[in-house]
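Here the structure is laid out as structure tokens; the discussion comes afterwards.
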Protein chains: 2
Amino acid sequence: MPDSPPSLDPVQLGAYFDLIEVTSLLRHAVEQQLREAGDLSYVQFQLLARLGDSPTGSHRMTDLADGVVYSRSGLTYQAGLLEKAGLVVRAPSPDDERSITVTITDAGRALLAKVLPGHIEVVRGLLFEPLSRDDVKALAGLLAPVRDHMRATPPRSAAPRRRKGGA
Amino acid sequence: MPDSPPSLDPVQLGAYFDLIEVTSLLRHAVEQQLREAGDLSYVQFQLLARLGDSPTGSHRMTDLADGVVYSRSGLTYQAGLLEKAGLVVRAPSPDDERSITVTITDAGRALLAKVLPGHIEVVRGLLFEPLSRDDVKALAGLLAPVRDHMRATPPRSAAPRRRKGGA
DNA sequence: GTCTACTGCTTCGAATTCGAAGGGCATGGC
DNA sequence: GCCATGCCCTTCGAATTCGAAGCAGTAGAC
């Protein structure tokens, strides 16, 4: 069974490469800013931001891990750091006894509020500076379906190596 | 000195979040595929791909590091692994005695050829599946100026806190 | 009621990452 | 020619990451 032609369009290839490079550069810049502004790593910031966004200020561990695309063990580690720093609190979920609910503290909100403007400044300066309002709209319109598609796609396992006789 | 309003448009925010999530998911999927197909990390694959793309099959260490947005010490480590695996060769540059030229070997090219189809398959299936040809063109058209802008922006230091008085 | 399968989080060890510090070559001023 | 400055790569230590294994709690079958 012959593979499909093993190459992407030059345009696709360029888009893919640029996507990787752009996010890498953005991530490095953002990490540096967060480190300087509040001694936070990007993951930590993402976690705080996600908690701060929640109406209750809380999330389950697993949901947080899925939200920021992170391993569970890594999240345990980071949650430990954040808790030790007094930025979040962990408590067993009243509902599921095995579940842990993470809640942002006032200190966490304060730190978030402190670093957020600088963060946004970097993102705007690097990512949105060369884009018009319509450009951004177009970009958002392109990314949304991709995001949904990726979320829907079997997230982990499902190794296609499985040569099921039938399929 | 009043800051600009410290928030991004909802559209901008959505685009930013989706960008991060999409690349994170893509990266995880790609890493898993590369690991299974050829026991390569993403960085290693990027390095091999970059070398394979070069007309000479070679690059200086620094250029490689800049190309894949990586730290120099990290590159030294990875180059060591790749060399130990026989996928690349390191040699002092004939020109600059202090510079090291990394060259991909036949084994490196072979491995690259072996994992590339699967890699492309994953990228196409996750990133380009929900996008039309015109969508991809639009995406490429949006990312290119951002990439150039980021490249032009002071790559490392130069904390933008510097209120450039004159220029 | 009990057993089995599944979910949620944590611990553990190994691998990777980065920044700071160090050693060697190159370039321009004198 | 000689020195100061800067670039290029490497070593070093500390921090972060992940997957596999382990420990609970939950849900459904019987």
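- Near-neighbour residues of DNA chain C inside residues 47-61 of chain A, defined by a heavy atom below 4.0 Å, number-ordered: A:Arg60, A:Met61.
- Side-chain atoms of B:Ser93 and B:Ser99 form no donor-acceptor pair, as typed in the model, at a separation below 3.5 Å.
- Spacing between atom CG of A:Asp66 and atom C1' of C:dC9 amounts to 13 Å, rounded to whole angstrom units.
- Looking at residues two or more places apart in sequence or on another chain, you find no ring-ring contact (aromatic ring centres under 6.0 Å, His included) involving B:His149.
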Show me the donor-acceptor pairs within less than 3.5 Å that the side chains of residues 126-139 of chain B make with the rest of the protein, sequence neighbours left out.
unit_1	atom_1	unit_2	atom_2	d
B:Ser132	OG	B:Asp134	N	3.4
B:Ser132	OG	B:Asp135	N	3.1
B:Ser132	OG	B:Asp135	OD2	3.3
B:Arg133	NH1	A:Asp9	OD2	3.3
B:Asp135	OD2	B:Ser132	N	3.1

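- In terms of the side chain to side chain contact (heavy atoms under 4.5 Å, CB included) criterion, residue partners of B:Leu25 (sequence neighbours excluded) are, by chain and number, A:Val69, A:Met150, B:Glu21.
- Remark: C1' of D:dG19 and CZ of A:Arg72 are 12 Å apart, rounded to the nearest angstrom.
- When rounded to the nearest whole Å, the span between CZ of B:Arg27 and C1' of D:dT17 equals 13 Å.
- Only B:Ser73, B:Thr76, B:Arg90, listed by number, bring a heavy atom of residues 73-90 of chain B to less than 4.0 angstrom from any atom of DNA chain D.
- Rounded to whole Å, atom C1' of D:dT16 lies 15 Å from atom CD of A:Gln46.
- Computed from coordinates, the B:Leu64 CG to D:dC9 C1' distance equals 13 Å when rounded to whole Å.
- For B:Glu31 and C:dT16, the CD to C1' distance is 11 Å, given to the nearest whole Å.
- Applying the ring-ring contact (aromatic ring centres under 6.0 Å, His included) test to pairs two or more places apart or on separate chains, none has a residue in residues 92-115 of chain A.
- Take A:Asp63 and apply the salt bridge (Lys or Arg N to Asp or Glu O under 4.0 Å) test, not counting sequence neighbours, and it matches A:Arg60.
- Residue pairs meeting the ring-ring contact (aromatic ring centres under 6.0 Å, His included) criterion with at least one member in residues 92-113 of chain A: none, sequence neighbours excluded.
- Side-chain nitrogen and oxygen atoms of A:Thr62 include none within less than 4.0 Å of the OP1 or OP2 phosphate oxygen of C:dT7.
- A donor-acceptor pair is defined here as one N or O able to donate and one able to accept, closer than 3.5 Å; such a pair exists between the side chain of A:Gln33 and the backbone of A:His119.
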Contacts table for residues 75-87 of chain B: side-chain donor-acceptor under 3.5 angstrom, sequence neighbours left out:
unit_1	atom_1	unit_2	atom_2	d
B:Thr76	OG1	B:Arg72	O	3.2
B:Gln78	OE1	B:Gln44	NE2	2.8
B:Glu83	OE1	B:Arg90	NE	3.1
B:Glu83	OE1	B:Arg90	NH2	3.0
B:Glu83	OE2	B:Arg90	N	3.1

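- Residues passing the salt bridge (Lys or Arg N to Asp or Glu O under 4.0 Å) test with A:Arg50, sequence neighbours excluded: none.
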Per-nucleotide protein contact string for nucleotides 21-28 of chain C, where B marks a base within reach and S marks sugar-phosphate only (heavy atoms under 4.0 Å, - for neither): ---BBS--

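- Here D:dC23 presents its P atom at 18 Å from CD1 of A:Ile100, a figure rounded to the nearest Å.
- Atom-to-atom, CD of A:Gln32 to C1' of C:dT17 comes out at 16 Å; the value is rounded to the nearest Å.
- Evaluation of the ring-ring contact (aromatic ring centres under 6.0 Å, His included) rule for A:Tyr42 yields no partner, not counting sequence neighbours.
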